[in-house]
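Quick caveat: nothing in here was measured; it's all calculated off a predicted structure.
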Amino acid sequence: MAQSVGIKDVARAAGVSVGTVSNVINRPDTVATETRARVQSAIDRLGYVRSESARQLRAGRSRIMGLLVLDMGNPFFVDVARGAERAARDAGLGVMVCNSAESVSEEADYLALLAEQRVRGVLLTPADATGRNIDSFRRHGIPFVLVDRVAEGTSECSVSVDDVAGGELAVRHLVDAGHRSIAYVSGPPGFNQVRDRRTGALTALAEAGLGPEHLRELPTERLDVAAGRDAGARLLGLADRPTAVFCANDLLALGVLQAMYAAGVSVPDDLAIVGYDDIEFAAAAAVPLTSVRQPAVTMGALAADLLLEETEEGGRARPHEHRRVVLQPELVVRRSSLAPR
C-alpha cells in the first residue's frame with residue numbers, strides 16, 4: 001500500500017520548515033515568490049493533498065454541508081440536491097448527500113454521522129414525524145434547515161411548498177373535469193406533506209359542495225412506484241371504483257398507471273390520474289402525467305442559501321433571523337386527466 005505524503009515530507013523536499021509549507025497552502029501572499037514556487041513544485045512532485053479533516057479540527061469550521069433526504073431514488077430529491085449543490089459550490093463548499101430511505105432509524109444514524117463529521121450545517125427532509133431525531137440532533141448545536149417541510153413548532157429555517165394549495169389544485173382540476181368519486185393514494189400518513197395534500201383535496205371538494213366521502217383514501221407504506229402498483233391493484237378491486245385518482249407523488253402515480261395499463265384500464269378514459277412533484281419522468285410516461293409541480297431545484301438552492309447565511313463568519317450587519325419560505329405549486333395538465341366526463 002502506498003504511504004500517504006504528509007506536510008513534513010513536502011517541507012523536507014523543499015528544504016523549508018513545516019510552517020513555511022503551511023503558509024504556502026493557507027497564506028501564500030506571506031511567502032516570498034521564489035520560496036513559494038519551490039514549495040509548490042515539491043507539492044506537485046510528491047502529490048501532496050492536504051488533510052481537510054485536520055484543517056477542520058484546527059479551524060473548527062467545515063467546508064462540507066450535509067443533505068439528508070427521504071429517498072434519493074425519487075427524482076424530486078435529486079433536483080433538490082442539484083439546487084443545494086449549486087449554491088454550496090458557489091460558496092466554496094461541498095455537499096455530503098445522505099439517504100434515510102424513509103427510515104427513522106437510518107435518519108438517526110445519518111444525523112449522528114453528520115454530527116461526528118462536524119459539518120457546517122444540514123439540509124434535512126425529516127423521516128421522523130415525532131421530531132425526536134431533530135431534538136437529539138439539535139443538542140449538537142449544528143445549524144439545520146428543513147426542506148420540503150414547514151418548521152412547525154421549531155425556530156429553525158425551512159423551505160417548503162404550500163402542499164394544501166397543491167392538493168386543492170389537483171382535485172379542483174378533477175372536479176372541474178366532472179369527477180365526483182376520487183381516490184387519494186396517499187403514502188405514509190405520518191408525513192406532513194401527505195396530510196397537507198389531503199387537506200387541500202378535501203378543501204377543493206368542499207368548495208364544489210362535495211363531502212369527504214367523495215375522497216377514498218388508499219394509504220401506502222412507501223412513496224415509490226411499487227407502492228403505487230399495489231395501490232392500483234387495490235383500486236381495481238373496488239366494487240365502486242372511483243373515476244379519478246390523485247397521488248401524493250409522481251412515483252405513486254406512475255405505479256398506478258402501470259397497474260391500469262396491465263389490467264387494460266384506459267387512462268384517462270376509464271380513470272384519470274394526477275400526480276405530484278412533476279418529475280422528469282411524468283412528461284415521458286406512456287400516458288403523459290398531469291402533475292402538481294414543485295420547484296425542487298429552487299427549494300434546494302434557497303435552503304442552502306439560508307444555511308450559508310446562518311453559518312457565515314462575520315460580515316453581517318445584524319444577526320441571522322430564521323425564516324420560513326413557502327413557495328407556490330403549479331398544476332401542469334397533460335393527457336392523463338383530460339378525458340371529459
Side-chain angles (χ1 to χ4, degrees), residues 70-71 73-80 102 148 160-177 179 182-188 191 193-202 204 215-236 242-262 265-297 299 327-339:
L70 288 175
D71 180 13
N74 185 340
F76 167 76
F77 288 111
V78 175
D79 286 344
V80 169
E102 302 179 18
D148 195 31
S160 62
V161 166
D162 188 341
D163 283 317
V164 174
E168 287 185 52
L169 285 173
V171 173
R172 185 179 298 121
H173 168 67
L174 292 172
V175 169
D176 288 346
H179 296 282
I182 301 170
Y184 176 42
V185 177
S186 61
F191 289 162
Q193 301 94 321
V194 166
R195 295 197 300 268
D196 287 349
R197 291 165 197 178
R198 180 179 184 274
T199 297
L202 291 173
L215 189 72
R216 176 82 64 88
E217 186 165 1
L218 297 174
T220 63
E221 293 184 358
R222 297 184 59 80
L223 289 160
D224 55 21
V225 173
R229 284 196 298 267
D230 175 72
R234 284 184 280 154
L235 191 64
L236 289 167
T243 61
V245 58
F246 166 44
C247 298
N249 77 2
D250 284 341
L251 296 184
L252 291 171
L254 291 171
V256 171
L257 180 60
Q258 288 180 7
M260 296 304 112
Y261 181 82
V265 174
S266 175
V267 175
D269 295 321
D270 298 326
L271 182 76
I273 301 177
V274 176
Y276 205 105
D277 289 339
D278 196 33
I279 61 176
E280 184 177 354
F281 298 133
V287 179
L289 186 66
T290 295
S291 185
V292 178
R293 176 178 293 167
Q294 296 200 84
V297 174
M299 289 175 67
L327 305 174
Q328 292 302 308
E330 174 189 358
L331 182 69
V332 180
V333 178
R334 300 189 180 95
R335 191 155 60 88
S336 71
S337 65
L338 284 180

Flag if over 12 foreign heavy atoms under 6.0 Å of CD, E217: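 For E217, atom CD is crowded (more than 12 foreign heavy atoms under 6.0 Å).
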
Within 6.0 Å of CD in Q328, more than 12 heavy atoms from elsewhere: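 More than 12 heavy atoms, drawn from other residues, nucleotides or ligands, come within 6.0 Å of this atom.
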
So, do [X] and [Y] sit near enough that their side-chain heavy atoms are less than 4.5 Å apart?
{"X": "D163", "Y": "Q294", "value": "yes"}
{"X": "T199", "Y": "E168", "value": "no"}
{"X": "V171", "Y": "I182", "value": "yes"}
{"X": "L223", "Y": "N74", "value": "no"}
{"X": "L169", "Y": "R293", "value": "no"}
{"X": "F281", "Y": "V225", "value": "no"}
{"X": "L251", "Y": "D277", "value": "no"}
{"X": "P268", "Y": "I273", "value": "no"}

Considering non-hydrogen atoms only, spot the tightest contact between [X] and [Y] and give its length.
{"X": "A259", "Y": "A233", "result": "CB-N, 4.2 Å"}
{"X": "A253", "Y": "G275", "result": "CB-CA, 3.9 Å"}
{"X": "A183", "Y": "P242", "result": "N-CB, 3.8 Å"}
{"X": "D269", "Y": "S266", "result": "OD2-OG, 3.2 Å"}
{"X": "L331", "Y": "A170", "result": "CD1-CA, 4.5 Å"}

Worked verdict on L257 versus S336 for side chain to side chain contact (heavy atoms under 4.5 Å, CB included): CA-CA 9 Å; L257 180 60; S336 71; 5.9 Å; no

Rounded to the nearest 0.5 Å, what's the gap from [atom1] on [X] to [atom2] on [Y]? Could you check?
{"X": "T290", "Y": "Y276", "atom1": "OG1", "atom2": "OH", "value": "14.5 Å"}
{"X": "L252", "Y": "D224", "atom1": "CG", "atom2": "CG", "value": "7.0 Å"}
{"X": "C247", "Y": "L289", "atom1": "SG", "atom2": "CG", "value": "8.0 Å"}
{"X": "F191", "Y": "R197", "atom1": "CZ", "atom2": "CZ", "value": "11.0 Å"}

Test side-chain hydrogen bond (donor to acceptor under 3.5 Å, both in side chains) applied to D250 - qualifying residues, sequence neighbours left out: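 Partners of D250 under the side-chain hydrogen bond (donor to acceptor under 3.5 Å, both in side chains) test: S291.
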
Derivation and outcome, side chain to side chain contact (heavy atoms under 4.5 Å, CB included), residues R198 and S186: CA-CA 8 Å; R198 180 179 184 274; S186 61; 6.0 Å; no

Under-4.0 Å salt bridge between R172 and D176: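 Salt bridge absent between R172 and D176.
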
D278 bridged to R334 by N-O distance under 4.0 Å: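 Salt bridge present between D278 and R334.
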
Side chains of S337 and H173, donor plus acceptor under 3.5 Å: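 Indeed, the side chains of S337 and H173 share at least one donor-acceptor pair under 3.5 Å.
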
Set of ring-ring contact (aromatic ring centres under 6.0 Å, His included) partners for Y184, sequence neighbours left out: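 Residues passing ring-ring contact (aromatic ring centres under 6.0 Å, His included) with Y184: F246.
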
Intermediate values then yes/no, side chain to side chain contact (heavy atoms under 4.5 Å, CB included), L271 and L235: CA-CA 10 Å; L271 182 76; L235 191 64; 3.7 Å; yes

